[in-house]
Amino acid sequence: MAGVSEDPRDPAPQDSPRDWPALLLRGGCAALSGLITGFTALGVAELVSAAVRPESSPVTAVGGAVIDLTPPPLKDFAVRNFGTNDKLVLQLGILALLALFAMTVGVVALRHRRSGSAAVLVFGAIGAVAATSRPDGGLLDAVPSVVGALVASVVLYALAGRLSLRPSPAPGADGDGTFDRRGFVIAATAAVAASAGAGVLGRRLNASGAADAVASRAEIVLPSPASRARPVPAGADLAIRGLSSFTTPNKDFYRVDTALVVPRVDAGSWRLRIHGKGVSTPLTLSYDDLLRRELIERDITLTCVSNEVGGPYVGNARWIGVRLADLLREAGVRPPSKGGAADQIVARSVDGMTIGSPVETVMDGRDALLALGMNGEPLPFDHGFPVRMLVPGLYGYVSACKWLQDLELTTFAEYDAYWVKRSWSKKAPIKTESRIDTPRPFASPKAGRVPVAGVAWAQHRGIARVEVRVDGGDWQPAKLAAEDTKDTWRQWVWEWPATSGNHTLEVRATDRDGYTQTSERVGTVPDGATGWHSVVVAVS
């Protein structure tokens, strides 16, 4: 096979088709040089991102752009199959594609050094476009990807040069040439070491910025709320093995968002701005300003609209925060029913996420909060520290903005928030749902009395009845646990006289408005799933 270099300084003897081990070695080194190039791009970009912001690193930027462009059904598939690991799977997928691209470019550079090096810049361009296209992106966010790609292209050009063939040193020797193996090993090792150093330093610098946020959270002592949540009533937690606890521990609380890098915000420098249509007195509030206000404590169950029937994306916690309606009234906001100009609150996160909530709902007397605490401690970073929104009765994508920094009053006609632009409904009250927690699907309980237990929720309406049936038979009333509030889920249990064989268990709930769950199975898009949860068990 002929080998012609584009660089006139490179010797261009032919590869010998008879020396396959040498050809494979050189090709493998070319692929390796591509991998090293990709590693270099990421390491340098990580270092540069420390001077911009962590979210500007290429993998994070590209991953965020992929999330933005992914159709809702595919998002649902990822959440359903990978759960809270969906972001890790995405990042690993991006790295795998980058590795394949890098190895291909390395092989191309074996024959065409300049073309291969130029191809590396494609990676930089993709990262730059992805970074600037994010909701919170700016021109500076393109810098890490561009600088990383430029440095990597130089590294690839140098490594490819070490793989260029030289004439055989002995005249008349069998074979047409060899490459500078020792030089390649030295250059490759140096590139790997320098890239690793840049990447480690970049990560440490990025982590040091987050350290201030961690320190600010550690110093916070939440004041005693002026209005405490009532004690959880006796009998609200049935304490049945396999049944979700009434209060979900912070470490077990579901997390569904688009942030590949969890924002680390310093509470000392955090500010919240309230402005927009119908706001006569714009407000800018610090974290300490909120701490000095009247705080309330409430038990509230949150649900994600991505929760499939029987899914895990629902949890109950005790929250501490400031009534959002009080702040809106202070800013001069009136609900539409009282002549207000705005019918939508657009909440903006520090990562650019936008979530739209109905003004009327937020101001109708329910405990809509700017939450500062969760289960007795400042909000965890994963759940929105320093401040997040909560509106009982609305799915999270229209109410529960995490890492909140801005509230703009506007109208639904004038602005579509992030998820609405992606085929979800503008308004989304939580649907009445129920779930069987125990026995688990495909469990093998023994014949006899088997507790069938789970949870049901209809936030801001409350659960009035839960029923269970076996193999399509008559519905049987379940025993309800004591109700805490209409904004929390409710446990239930039915003692099943189980007989041997395979059986299908189904559950349905009725809320306090008299609505009973429909059997019609509907997916999560555009405003939440419906249907009866069922499990199949084999009784022995």
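- Put simply, the side chain of Asp212 never gets that close to the backbone of Asp266: no donor and acceptor are under 3.5 Å apart.
- Between the side chain of Asn250 and the backbone N or O of Met374 there is at least one donor-acceptor pair closer than 3.5 Å.
- Under a cutoff of 6.0 Å and an axis angle of 45°, Arg255 and Phe253 do not form a cation-pi pair.
- Using a 4.5 Å heavy-atom cutoff, the side chains of Leu98 and Leu42 are in contact.
- Cation-pi geometry between Arg461 and Tyr515 is not met at under 6.0 angstrom from the ring centre and within 45 degrees of the axis.
- A salt bridge is absent between Arg134 and Asp141: the closest approach of a Lys/Arg side-chain nitrogen to an acidic carboxylate oxygen does not fall below 4.0 angstrom.
- In this structure the side chain of Leu327 reaches within 4.5 angstrom of the side chain of Leu290, judged on heavy atoms.
- When atom types are taken as modelled, the side chain of Thr438 and the backbone of Gly242 share no donor-acceptor pair closer than 3.5 angstrom.
- Contact check for Leu480 versus Ile463: side-chain heavy atoms found under the 4.5 Å cut-off.
- Here Ile320 contributes atom CD1 and Leu370 contributes atom CG; the two are 14.0 Å apart, rounded to the nearest 0.5 Å.
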> Please walk me through it: do Val333 and Val359 pass side chain to side chain contact (heavy atoms under 4.5 Å, CB included)?
Replying inline: CA-CA 9 Å; Val333 177; Val359 175; 4.3 Å; yes

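- Annotation: side chain of Ile300 is not in contact with side chain of Thr488 (no heavy-atom distance under 4.5 Å).
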What donor-acceptor contacts under 3.5 angstrom involve side-chain atoms of residues 218-228, with partners at least two apart or in another chain?
from, atom 1, to, atom 2, distance (Å)
Ser227, OG, Arg298, NH1, 3.1
Ser227, OG, Arg298, NH2, 3.0

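- The residue from Glu467, Gln517, Glu433 that alone fulfils the side-chain hydrogen bond (donor to acceptor under 3.5 Å, both in side chains) condition with Arg508 is Glu467.
- Pairing each heavy atom of Gly396 with each of Ile355, the nearest pair is O-CD1, 3.9 Å.
- Using modelled atom types, no side-chain atom of Ser425 and backbone atom of Ala428 make a donor-acceptor pair closer than 3.5 Å.
- Residue pairs meeting the salt bridge (Lys or Arg N to Asp or Glu O under 4.0 Å) criterion with at least one member in residues 376-385, sequence neighbours excluded: Arg217-Glu377.
- Side-chain contact between Val398 and Trp419: absent, with no pair of heavy atoms (C-beta onward) separated by less than 4.5 Å.
- Using cut-offs of 30° and 60° on the angle between ring planes, the pair Tyr313 and Tyr254 is perpendicular.
- Electrostatic pairing of Arg366 and Asp487 does not count as a salt bridge here, judged by no charged N lying under 4.0 Å from a carboxylate O.
- The two atoms that bring Leu205 and Ala50 nearest to each other are CB-CB, 3.5 Å, heavy atoms only.
- Using a distance-only test at 3.5 Å, with no hydrogens or angles considered, no donor-acceptor pair links the side chain of Ser349 to the main chain of Gly352.
- Among all heavy-atom pairs drawn from Ala417 and Gly356, the shortest one is CB-N, 3.6 Å.
- Side-chain N or O atoms of Gln344 include one that pairs as donor or acceptor with a backbone N or O of Thr411 at under 3.5 Å.
- Using cut-offs of 30° and 60° on the angle between ring planes, the pair Trp489 and Trp457 is tilted.
- Note on Glu414 versus Lys277: salt bridge recorded, some NZ/NE/NH1/NH2 to OD/OE distance being below 4.0 Å.
- Using a distance-only test at 3.5 Å, with no hydrogens or angles considered, a donor-acceptor pair links the side chain of Trp270 to the main chain of Leu404.
- Considering only residues two or more places apart in sequence or on other chains, Glu55 meets the side-chain hydrogen bond (donor to acceptor under 3.5 Å, both in side chains) condition with none of them.
- Residues Thr516 and Thr510 have side chains that bring a donor and an acceptor to within less than 3.5 angstrom of each other.
- Looking only at distances, no side-chain donor or acceptor of Arg273 sits under 3.5 Å from a matching main-chain atom of Gln405.
- Contact annotation: the side chain of Asn307 never approaches that of Thr524 to less than 4.5 Å [non-hydrogen atoms, C-beta and beyond].
- Across every non-hydrogen atom of Val59 and Ile94, the tightest pair is O-CD1, 4.0 Å.
- Sorted by first and then second residue, the pairs that involve residues 395-404 and meet salt bridge (Lys or Arg N to Asp or Glu O under 4.0 Å), not counting sequence neighbours, are Asp257-Lys402.
- Val256 places none of its side-chain heavy atoms less than 4.5 Å from the side chain of Tyr397.
- Checked options Lys431, Lys426, Lys427; the residue passing with Asp527 is Lys431 (criterion: salt bridge (charged side-chain N to carboxylate O under 4.0 Å, His left out)).
- In terms of heavy atoms, Val309 sits closest to Gly531 at CG1-O, 3.7 Å.
- Remark: Asn316 engages Thr301 in a side-chain hydrogen bond (donor to acceptor under 3.5 Å, both in side chains) (not counting sequence neighbours).
- At distances below 3.5 Å, not a single donor-acceptor pair connects side-chain atoms of Ser56 with backbone N or O atoms of Val52.
- The minimum heavy-atom distance between Pro263 and Phe381, with the atom names listed, is O-CD2, 3.9 Å.
- Between the side chains of Asp364 and Thr361, no donor N or O sits under 3.5 Å from an acceptor N or O.
- The side-chain hydrogen bond (donor to acceptor under 3.5 Å, both in side chains) pairs that include a residue from residues 321-338 are Arg293-Glu330, Glu294-Arg323, Asp326-Arg329, Ser337-Glu360, where partners are two or more places apart or lie in different chains.
- In this structure the side chain of Val387 never reaches within 4.5 angstrom of the side chain of Trp403, judged on heavy atoms.
- At least one donor-acceptor pair under 3.5 Å links the side chain of Arg521 to the backbone N or O of Trp532.
- The line from CZ of Arg512 to CZ of Arg465 is 11.0 Å long, rounded to the nearest 0.5 Å.
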